[in-house]
Amino acid sequence: TLENLKFQSKTCQTSVKIASLHILCGIKHWEQPVQAHKYKGRIVYRGDMIRNEADEIVLYADTATTPTALTALNLALFFGSCKHNSISLSDAVQAFLQAPLEEETWVLVPYELWLDSWKHQYSRGTKLVVRLLKSLYGHPLAGKLWQQYLADRLTRMGGVESALYPSNWFFRRQGGILLLNIYVDDLTLCGSTSLHQKFWQELREHVRLDPEVGIDETGSLILGRTHKLLKHETGADL
């Protein structure tokens, strides 16, 4: 329970961070036509109300991340539209949960998320806490930890991040070049067509990903914009 956790922390003179869980439901791509809407539910960490074992508010000084700039995405899409190149997309599956949370963090579990065994053991008003092991959405460090986690995997794969445009990574493969543009969990790969499939297979050895898709006449959403790849009468991509 919460009281037991605070007592143990003070007794052992260790510092812990404690916050509540919150359940949300929303519509992704609300600004798009209704056929693009996706209803999503998620459990989030109340990062606005984090306290320590002494019930003091905890603040984080360095939480900054560097997602791709729109200019960099435009350049990547241009590169992917060049001759012999193509564009493919994938989303990281539950991206933040792939990154470990190393500092000792606990969460208050709302009653609707209790296990059946807890309901038999504790009264409804009991403040139950569990250790948080992954970087849950809403934690002030969630974005930063995921970015570091992904960057470490991309470096292992031989990637080099652009100094001018962070979250844009270059890979040399079999005499060709691939450019991976990243906006949090949205990955856009541009470059030599023959190298795409093998690259995604290699990346999946390190990161959980949705199946990749290409851009075609039906369009794909990237950073809230619909992108379509059309064929010119000459056969060139537009």
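Both backbone and side-chain heavy atoms feed into the values below; hydrogens, waters and symmetry mates do not. One-based numbering along the sequence shown. Small disclaimer: the values here were computed from a predicted structure and weren't measured.
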Does [atom1] belonging to [X] count more than 12 external heavy atoms closer than 6.0 Å?
X: Lys28; atom1: NZ; answer: yes
X: Arg153; atom1: CZ; answer: yes
X: Glu102; atom1: CD; answer: no
X: Arg156; atom1: CZ; answer: yes
X: Gln197; atom1: CD; answer: no
X: Gln201; atom1: CD; answer: yes

(request) Apply side-chain hydrogen bond (donor to acceptor under 3.5 Å, both in side chains) to the pair Thr14 and Glu104, showing each step before the final yes or no. (result) CA-CA 9 Å; Thr14 58; Glu104 187 169 351; 4.9 Å; no
(message) Are His206 and Tyr149, when compared by the centres of their aromatic rings, separated by less than 6.0 Å?
(response) no
(message) Any non-hydrogen side-chain atom of Ile87 less than 4.5 Å from a side-chain atom of Leu189?
(response) no
(request) Check whether any side-chain heavy atom of Leu97 sits under 4.5 Å from a side-chain heavy atom of Leu136, and report yes or no. (result)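 Yes, at least one pair of side-chain atoms sits under 4.5 Å.
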(message) Parallel, tilted or perpendicular, judged at 30° and 60°: which one describes the rings of Phe171 and Phe199?
(response)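 Rings of Phe171 and Phe199: perpendicular, as their planes differ by over 60°.
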Roughly how far, to the nearest 0.5 Å, is [atom2] of [Y] from [atom1] of [X]?
X: Phe96; Y: Tyr137; atom1: CZ; atom2: OH; result: 6.5 Å
X: Ser135; Y: Leu141; atom1: OG; atom2: CG; result: 7.0 Å
X: Glu161; Y: Leu180; atom1: CD; atom2: CG; result: 10.5 Å
X: Gln147; Y: Thr65; atom1: CD; atom2: OG1; result: 5.5 Å
X: Tyr39; Y: Ile27; atom1: OH; atom2: CD1; result: 4.0 Å

(message) Please check: side-chain N/O of Trp114 versus main-chain N/O of Val109, any donor-acceptor pairing under 3.5 Å?
(response) yes
(request) Taking Glu53 for its side chain and Phe7 for its backbone only, find out whether a donor-acceptor pair lies under 3.5 Å. (result) no
(request) Could you walk me through whether Thr155 and Asp152 pass side-chain hydrogen bond (donor to acceptor under 3.5 Å, both in side chains), step by step? (result) CA-CA 5 Å; Thr155 300; Asp152 177 70; over 6 Å; no
Do the charged groups of [X] and [Y] touch, with an N to O distance under 4.0 Å?
X: Glu212; Y: Arg204; value: yes
X: Arg173; Y: Glu202; value: yes
X: Glu103; Y: Lys17; value: yes

(message) Testing the basics here: between Leu21 and Pro110, what is the closest heavy-atom pair and its distance to 0.1 Å?
(response)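 Scanning both residues completely, I find the closest heavy atoms to be CB-CD, 3.8 Å.
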